[in-house]
Amino acid sequence: MKRLGLGVLAIVLIGGAPAFAHPVPFSYLDLRMEDGRPAGIDAVLVVHVFDLAHDLNIDPPERLLAVSAAADRASAIVALLQPRLQVEADGRLLTPAWSAPDVLADRQSLRFHVRYSLGAPPGSIAVSTVMFPYDTRHQTFLNIYEHGALATQAMLDRGRTRFEYFSGTRQGAFAVIRKFVPAGIHHILIGPDHLLFLIGLLLLGGSIRQLALVVTAFTVAHSLTLSLAALNLVSPPARIIEPAIALSIVYVGADNLLVRGGRDVRAWIALTFGFIHGFGFASVLREMDLPGGALGWSLFSFNLGVEIGQLMVVVPVAFAFSLLRSRSEAAGRRLAFAGSLVVVAAGAFWFIQRVFFPGGIS
């Protein structure tokens, strides 16, 4: 129903305006992914003559509805539009081949056929456009077809100038992995709060089994809530989650300072607070515009990236702590004490900042 509604809206916006009164600013782009030999992308672009006339200084705009005038201006129109419409396949910018314009007098528009040749079917395609920058309200309605069927739709404007689509093929799955695994690694490595939480749990040392259990518990917990939030099943607000993450760090440091033997409950701490950290991961993942047709692969890949990033930090840190303790138990205790104080102080700072200065401390 959503696709039908958008399609009806497109027809109304393009075709239903009174003669040469500026309609709702709108362009229309269809991309069809062709699987044949040679592979390629066939595009159809429909633009209103009012917008073209404005940018080409043509007055009155209806002059462009004359077939001869449109043909005479074809090279100028292509020179105007080509830099404003960029299509990439698997991260590579494609070179377009533009047809002569077709006049659509009843829609007060010109239609172009554009061909993008490919050596093989792509795993992903990305469309970037600000079709008519002079008009801040202008929108480009995008349809992407795969295997002859409508695969997805999007609306591009100044607030969203790029849209990426992953095909429902093996190449598409590989493209998702290539994008989201590095994104997960990047996020965990630039997220000092998540890393400090884990490092705080490692300060007291322990056997390989104990430390592996801590990291596994954290992974299971944040993977669950990350998936729930990314799928919009549970979405607590960031104003609650971010301070809660800071408090989890304070708790870990304080627990290290107060613990006096007894049962090791760090795995339970990692599990409990890992649920909260997962919501923090999800806020970043949602901003990445998850591919609707590849949600499973994108969630798996992002999680895998997060785990790789964790191991890149946890393994050398745990090894360094263990090496220090093997040489001097007293030095290990001093490290745990001093490190826990740093963990508490950092968590407290982040809590105050996120509650009382959410815009940052200047």
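FYI, the numbering just counts along the sequence from 1.
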Enquirer: Please answer: with hydrophobic residues joined when any side-chain heavy atoms are less than 4.5 Å apart, are Leu335 and Phe319 in the same cluster?
Expert: no
Enquirer: Check whether any side-chain N or O of Thr272 sits under 3.5 Å from a backbone N or O of Trp268 as a donor-acceptor pair, and report yes or no.
Expert: yes
Enquirer: Using 4.0 Å as the upper bound for N to carboxylate O, is an ion pair formed by Asp135 and Arg137?
Expert: yes
Enquirer: So, does Ser248 use its side chain to make a donor-acceptor pair with the main chain of Ile245 at under 3.5 Å?
Expert: yes
Enquirer: Which distance, rounded to the nearest 0.5 Å, do you find between the CZ of Phe132 and the CG of Leu81?
Expert: 5.5 Å
Enquirer: Is there a side-chain contact between Glu307 and His222, using heavy atoms and a 4.5 Å cut-off?
Expert: yes
Enquirer: How about Phe174 and Arg170: do any of their side-chain heavy atoms sit closer than 4.5 Å?
Expert: yes
Enquirer: Take Thr225 and Val234 through the side chain to side chain contact (heavy atoms under 4.5 Å, CB included) test and state the conclusion after the steps.
Expert: CA-CA 8 Å; Thr225 48; Val234 182; over 6 Å; no
Enquirer: Which pair of non-hydrogen atoms, one from Val47 and one from Met131, has the smallest distance, and what is that distance?
Expert: CG1-CG, 4.4 Å
Enquirer: Roughly how far, to the nearest 0.5 Å, is CG of Leu80 from CG of Leu85?
Expert: 11.5 Å
Enquirer: Determine whether a donor-acceptor pair (N or O, by modelled atom type, separation under 3.5 Å) exists between the side chain of Ser326 and the backbone of Leu323.
Expert: yes
Enquirer: Could you measure the distance from the CZ atom of Phe302 to the CD1 atom of Ile185? Nearest 0.5 Å is fine.
Expert: 10.5 Å
Enquirer: Would you mind reporting whether Ile188 and Phe281 have side-chain heavy atoms less than 4.5 Å apart?
Expert: yes
Enquirer: Would you call Val343 and Asn256 a side-chain contact if the rule is heavy atoms closer than 4.5 Å?
Expert: no
Enquirer: Using the rule given for side chain to side chain contact (heavy atoms under 4.5 Å, CB included), can you reason through Val252 versus Leu203, listing the C-alpha separation, both sets of side-chain angles and the distance that settles it, and then say yes or no?
Expert: CA-CA 10 Å; Val252 167; Leu203 280 171; over 6 Å; no
Enquirer: Is the backbone of Leu324 close enough, under 3.5 Å, to the side chain of Ser328 for a donor and an acceptor to pair up by distance?
Expert: no
Enquirer: Can you confirm whether more than 12 heavy atoms, excluding those of His147, are under 6.0 Å from its NE2 atom?
Expert: yes
Enquirer: Establish, from distance only, whether the side-chain atoms of Ser128 and Gln86 form a donor-acceptor pair under 3.5 Å.
Expert: no
Enquirer: Looking only at non-hydrogen atoms, find the nearest pair between Pro122 and Ala89 and report the distance.
Expert: CB-CB, 3.9 Å
Enquirer: Passes side chain to side chain contact (heavy atoms under 4.5 Å, CB included), Trp350 versus Val250? Steps please.
Expert: CA-CA 10 Å; Trp350 283 324; Val250 173; over 6 Å; no
Enquirer: Over all heavy atoms of both residues, which pair between Leu56 and Ala76 is shortest? Give the atoms and the distance, please.
Expert: CD2-O, 4.1 Å
Enquirer: Counting only heavy atoms not in Phe275, do more than 12 sit closer than 6.0 Å to its CZ atom?
Expert: yes
Enquirer: Applying the side chain to side chain contact (heavy atoms under 4.5 Å, CB included) criterion to Phe163, which one of Thr129, Thr140, Thr152 satisfies it?
Expert: Thr152
Enquirer: Are any non-hydrogen side-chain atoms of Asp55 and Arg84 less than 4.5 angstrom apart?
Expert: yes
Enquirer: Establish, yes or no, whether a centroid distance under 6.0 Å links the rings of Tyr134 and His54.
Expert: yes
Enquirer: Verify the neighbour count for atom CH2 of Trp297: are there more than 12 heavy atoms of other residues, nucleotides or ligands below 6.0 Å?
Expert: no
Enquirer: Is there a side-chain contact between Gln171 and Asp90, using heavy atoms and a 4.5 Å cut-off?
Expert: no
Enquirer: Do the non-hydrogen side-chain atoms of Val220 and Leu224 ever get within less than 4.5 Å of each other?
Expert: no
Enquirer: Within the supplied structure, the quantity of interest is the number of heavy atoms (other residues, nucleotides, ligands) at a distance under 6.0 Å from Leu233 CG; does it exceed 12?
Expert: yes
Enquirer: Assess the side chains of His194 and His277: does a donor N or O sit below 3.5 Å from an acceptor N or O?
Expert: yes
Enquirer: Minimum heavy-atom separation for Ala217 to Ala267, with atom names?
Expert: CB-O, 3.3 Å
Enquirer: Would a distance-only check, ignoring hydrogens and angles, find a side-chain to backbone donor-acceptor pair under 3.5 Å from Asp157 to His138?
Expert: no
Enquirer: Within a radius of less than 6.0 Å around CZ of Arg239, do more than 12 heavy atoms belonging to other residues, nucleotides or ligands occur?
Expert: no
Enquirer: CD1/Ile77 to CD1/Ile58 distance, rounded to the nearest 0.5 angstrom?
Expert: 6.5 Å
Enquirer: Do Val344 and Leu195 share a hydrophobic cluster, counting only Ile, Leu, Val, Met, Phe, Trp and Tyr and linking them when any side-chain heavy atoms are less than 4.5 Å apart?
Expert: no
Enquirer: So, for Ser223 and Asn303, which heavy atoms are closest and what is the spacing to 0.1 Å?
Expert: OG-OD1, 3.3 Å
Enquirer: Say whether Phe351 and Phe357 are linked into one hydrophobic cluster, either directly or through other cluster members, by side-chain heavy-atom distances under 4.5 angstrom.
Expert: yes
Enquirer: Within a strict 4.5 Å, meaning less than it, do heavy atoms of the Phe112 and Val78 side chains meet?
Expert: yes
Enquirer: Students often mix this up, so state it plainly: with edges at 30° and 60°, are the rings of Phe273 and Phe197 parallel, tilted or perpendicular?
Expert: perpendicular
Enquirer: Shortest non-hydrogen contact from Val103 to Ala70?
Expert: CG2-CB, 4.0 Å
Enquirer: Same cluster for Phe166 and Leu231 if Ile/Leu/Val/Met/Phe/Trp/Tyr side chains link at under 4.5 Å?
Expert: yes
Enquirer: Can you tell me how far apart CZ (Arg111) and CG (Leu104) are? Round to the nearest 0.5 Å.
Expert: 5.0 Å
Enquirer: State the OH-CD distance between Tyr116 and Glu88, to the nearest 0.5 angstrom.
Expert: 11.0 Å
Enquirer: If only atom types and distance count, is the side chain of Ser301 paired as donor or acceptor with the main-chain N or O of Phe180 below 3.5 Å?
Expert: no
Enquirer: Is it possible for you to say whether Ile199 and Ile190 belong to one hydrophobic cluster, with membership spreading through side-chain heavy-atom contacts below 4.5 Å?
Expert: no
Enquirer: Using atom types as modelled and distance alone, determine if a side-chain donor or acceptor of Arg158 lies under 3.5 Å from a backbone N or O of Thr136.
Expert: no
Enquirer: So does Arg32 get a backbone contact from the side chain of Asp42, meaning a donor-acceptor N/O pair under 3.5 Å?
Expert: no
Enquirer: So for atom OH, which belongs to Tyr251, do other residues, nucleotides or ligands contribute more than 12 heavy atoms lying within a distance under 6.0 Å?
Expert: no
